[in-house]
Amino acid sequence: MAEPGTIEEAIAAATGEPFRAQSTRPVSGGCINDAFVLEGKDGRRYFVKRNSADKLAMFEAEQAGLREMLEADAIRVPAPLCCGSDDSEAWLVLEYIEFGAANAATSELLGAQLAALHRRTREFFGLDRDNTIGATPQINTPDDDWPRFFATQRLGYQLDLAERNGAPARLIDAGRHLQQELPALFEGYRPAPSLLHGDLWGGNWAADEGGRPVLFDPATYYGDREADLAMTELFGGFDERFYRAYEDAWAVDAGYQTRKTLYNLYHVLNHFNLFGGGYAGQAQRMVAGLAAEIS
């Protein structure tokens, strides 16, 4: 384990003020990194993620993604302070945000502010660096063709991993066929490259003390905004007020009802690659449903 002083010195260098920790409070809930709150003698608090030294690039990518979201000035995210490593571990230091209770206004604001985040666009899909989705590498090589980007860097990448991880041949074969036919799901629909959170399930948002929504743990890139919306439906955690507020701010194309299965297939395949189990069967059913839509 790194000496606490190493992180303290990084905080001091980033803030321009000396920092000495008075207490360290572990935080539960994450399954990839160790996390804790570091409080200084002067009352300053920081949220720290920690992992092995070879995960520095993962933290650097998360830091870059949070900064991209901060620049959009659409919804609150924890501001990254610094990241670094020593011989034994890497760390990411973030603004500490005290969470509070969400309410009806929180859900509505979350929907409207997510739409505002998606209004930030670029001329290409992807990002200028790769990052991770959970513990899995996420490839973000820029491309100006969304169906091609998703077919190769999202669906194709996960299928390659699934094949190596022992997924049933029928899933891989059907998934490869879907890759080839994927443009049919985008006939008459040309999404803008919107700034996405990228991993927007219910566990990656909360309300601050004032009841304002906060997004965290992103897998940021520029893509079809429907991909963020689709994931909100995969595991729950978002209510009807959220969806109405988003729709009021930026109406969703009718084809979303089909494409959301495609976008969530990416995450279900990723769960198979991370955890195995019944996710292969779920992915198979999703592929079959999409194939039926195309035929």
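One is the number of the first residue; the rest follow in order along the sequence.
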Do Trp91 and Leu81 share a hydrophobic cluster, counting only Ile, Leu, Val, Met, Phe, Trp and Tyr and linking them when any side-chain heavy atoms are less than 4.5 Å apart?
yes

Is a side-chain N or O of Asp228 found less than 3.5 angstrom from the main chain of Gly198, in a donor-acceptor match?
yes

Any side-chain donor paired with an acceptor under 3.5 Å for Tyr157 and Thr136?
no

Going through the checks in order, is the side-chain contact (heavy atoms from CB on, under 4.5 Å) test met by Ile172 and Leu159?
CA-CA 6 Å; Ile172 301 302; Leu159 286 171; 4.2 Å; yes

Same hydrophobic cluster for Met58 and Leu56, using side-chain heavy-atom links shorter than 4.5 Å among ILVMFWY?
no

Identify whether Phe36 and Phe99 are in the same connected component of the hydrophobic contact network (ILVMFWY, side-chain heavy atoms under 4.5 Å).
no

Side-chain heavy atoms of Tyr46 within contact of Thr15, under 4.5 Å
yes

Mutual orientation of the aromatic rings belonging to Phe186 and Tyr189 [parallel < 30°, tilted 30-60°, perpendicular > 60°]:
parallel

Show, in sequence, the C-alpha distance, side-chain angles and deciding distance for Leu182 and Leu290, and conclude whether the side-chain contact (heavy atoms from CB on, under 4.5 Å) test is met.
CA-CA 9 Å; Leu182 190 144; Leu290 288 165; over 6 Å; no

Above 12 or not: heavy atoms from other molecules or residues under 6.0 Å from CG of Asp54?
yes

Note: Pro142 and Phe124 closest approach over all heavy atoms is CB-CD1, 3.5 Å

State the CZ-CG distance between Arg119 and Leu114, to the nearest 0.5 angstrom.
11.5 Å

Treating Ile, Leu, Val, Met, Phe, Trp and Tyr as nodes and any side-chain heavy-atom pair under 4.5 angstrom as an edge, say whether Trp205 and Ile97 lie in one connected cluster.
no

First locate atom OH of Tyr279, then atom CG of Leu274, and finally report the distance between them rounded to the nearest 0.5 Å.
9.5 Å

Can a donor-acceptor pair be found, under 3.5 Å and without considering hydrogens, that links the side chain of Arg154 to the backbone of Ile139?
yes

Could you tell me which non-hydrogen atom of Leu117 sits nearest to which non-hydrogen atom of Ala72, and how far apart they are?
CD1-CB, 3.8 Å

Indicate yes or no: at least one non-hydrogen side-chain atom of Glu95 is less than 4.5 angstrom from one of Arg76.
yes

Do the side-chain N and O atoms of Asn273 and Gln158 include a donor-acceptor pair separated by under 3.5 angstrom?
yes

Does a side-chain heavy-atom distance below 4.5 Å link Asp145 with Pro147?
yes

Would you say that Asp217 contacts Ile32 through its side chain, given a criterion of any heavy-atom pair below 4.5 Å between the two side chains?
no

Kindly write out the residues that satisfy salt bridge (charged side-chain N to carboxylate O under 4.0 Å, His left out) with Glu226, not counting sequence neighbours, or none if the list is empty.
Arg259

Could you walk me through whether Phe150 and Asp224 pass side-chain contact (heavy atoms from CB on, under 4.5 Å), step by step?
CA-CA 10 Å; Phe150 196 86; Asp224 182 0; over 6 Å; no

As an exercise, state the distance from CG of Asn264 to CG of Asn270, rounded to the nearest 0.5 Å.
12.0 Å

Does CZ in Arg170 sit with more than 12 non-hydrogen atoms of other residues, nucleotides or ligands closer than 6.0 Å?
no

Which heavy atom of Thr106 sits nearest to which heavy atom of Ala207, and what is that distance?
CG2-CB, 4.0 Å

Are any side-chain N or O atoms of Arg148 and backbone N or O atoms of Asp144, one a donor and one an acceptor, separated by less than 3.5 Å?
no

Looking only at heavy atoms, which two atoms of Ile133 and Pro137 are closest? And how far apart?
CG2-O, 4.4 Å

Applying side-chain hydrogen bond (donor to acceptor under 3.5 Å, both in side chains), name anything that partners Tyr246, two or more places apart in sequence or on another chain.
His118, Arg225

Hey, what do you get for CG (Leu161) to CZ (Phe272), rounding to the nearest 0.5 Å?
10.0 Å

Roughly how far apart are Asn140 CG and Tyr222 OH, rounded to 0.5 Å?
11.5 Å

Could you tell me whether the side chains of Tyr266 and Gln138 share a donor-acceptor contact shorter than 3.5 Å?
yes

Short question: side chain of Asp199, backbone of Pro218 - any donor-acceptor pair under 3.5 Å?
no

If you look at every heavy atom in Thr121 and Ala192, which pair is closest and at what distance?
CG2-CB, 4.1 Å

Take the angle between the ring planes of Phe149 and Tyr221 and call it parallel below 30°, perpendicular above 60°, tilted in between.
parallel

Under 3.5 Å: donor-acceptor pair, side chain of Glu39, backbone of Gln22
no

Would you confirm whether Gln113, through its side chain, and Ile75, through its main-chain N or O, come within 3.5 Å as a donor-acceptor pair?
no

same_hphob_cluster(Phe216, Leu109) at 4.5 Å side-chain heavy-atom cutoff
no

With a 4.0 Å cut-off, would you call Glu163 and Arg176 a salt bridge?
yes

Are the side chain of Thr261 and the backbone N or O of Met286 linked by a donor-acceptor pair below 3.5 Å?
no

Heavy atoms, side chains only, cut-off 4.5 Å: are Thr220 and Leu66 in contact?
no

Between Pro78 and Leu215, what is the shortest heavy-atom contact and its length?
CD-O, 3.2 Å

pair Val48-Thr24: side-chain heavy atoms closer than 4.5 Å:
no

Salt bridge check, Lys55 against Glu62: does any charged N sit closer than 4.0 Å to a carboxylate O?
no

Is the CH2 atom of Trp250 crowded by more than 12 outside heavy atoms at less than 6.0 Å?
yes

Does any non-hydrogen side-chain atom of His197 lie less than 4.5 Å from one of Met231?
no

Calculate, to the nearest 0.5 Å, the distance between atoms CG and CD belonging to Asn131 and Glu60 respectively.
12.5 Å

When you measure from the side chain of Asp208 to the backbone N and O of Val214, does any donor-acceptor pair fall under 3.5 Å?
no

Between Asn33 and Asn51 (side chain of the first, backbone of the second, donor and acceptor by atom type, cut-off under 3.5 Å), is there such a pair?
no

Quick one: does Gln179's side chain have a donor or acceptor within less than 3.5 Å of a partner on Ala151's backbone?
yes

Would you call Ile11 and Leu38 a side-chain contact if the rule is heavy atoms closer than 4.5 Å?
yes

